[in-house]
Amino acid sequence: PFRDAYMQISQSIERNEFSYSGDIRHTHMGSIGNLCNPEIVQQMDKVVSQFDFSRMKIALQDLLE
């Protein structure tokens, strides 16, 4: 469990025995180094394209005139 792992790490830090490798390979989507921004943008564009902005554009134009 997480609590046990946390205790083991904290104890190894206190004993000055903790070390780690900075060579981390994140592979799951959305993780550091694999943010999948193009996929997120594609999904966002798909959703935004479903909105009808024509009424807003007309109202904005009316306000500006």
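None of these values were measured; they are calculated from a predicted model.
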Of all heavy-atom pairs between [X] and [Y], which one has the smallest distance, and what is that distance?
X	Y	answer
K46	Q50	O-CG, 3.4 Å
I40	L35	CD1-O, 3.6 Å
C36	G30	SG-N, 4.1 Å
F53	V48	CE1-O, 3.8 Å

Co-members of the apolar cluster containing V41 [side chain, <4.5 Å]: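 Besides V41, the hydrophobic cluster comprises nothing; the residue is isolated.
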Side chains of E39 and Q43: is there a donor and an acceptor less than 3.5 Å apart? no
Distance-only side-chain donor-acceptor flag, S21 / D23, under 3.5 Å: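 Their side chains do not contain a donor-acceptor pair, so the 3.5 Å distance test is not met.
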What distance do M29 atom CE and N34 atom CG have between them, rounded to the nearest 0.5 Å?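 The CG atom of N34 is 7.0 Å from CE of M29, to the nearest 0.5 Å.
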Hey, what do you get for CD1 (I9) to CD (E17), rounding to the nearest 0.5 Å?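 These two atoms lie 11.0 Å from each other.
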Is it true that, when you exclude [X] itself, more than 12 heavy atoms of the residues, nucleotides or ligands shown sit nearer than 6.0 Å to its [atom1]?
X	atom1	answer
M56	CE	yes
Q42	CD	no
N37	CG	yes
L63	CG	yes
R55	CZ	no

Using the rule that two of Ile, Leu, Val, Met, Phe, Trp, Tyr join whenever any of their side-chain heavy atoms come within less than 4.5 Å, decide whether I13 and M7 are in one cluster.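 As far as the 4.5 Å side-chain criterion goes, M7 and I13 are not connected within one cluster.
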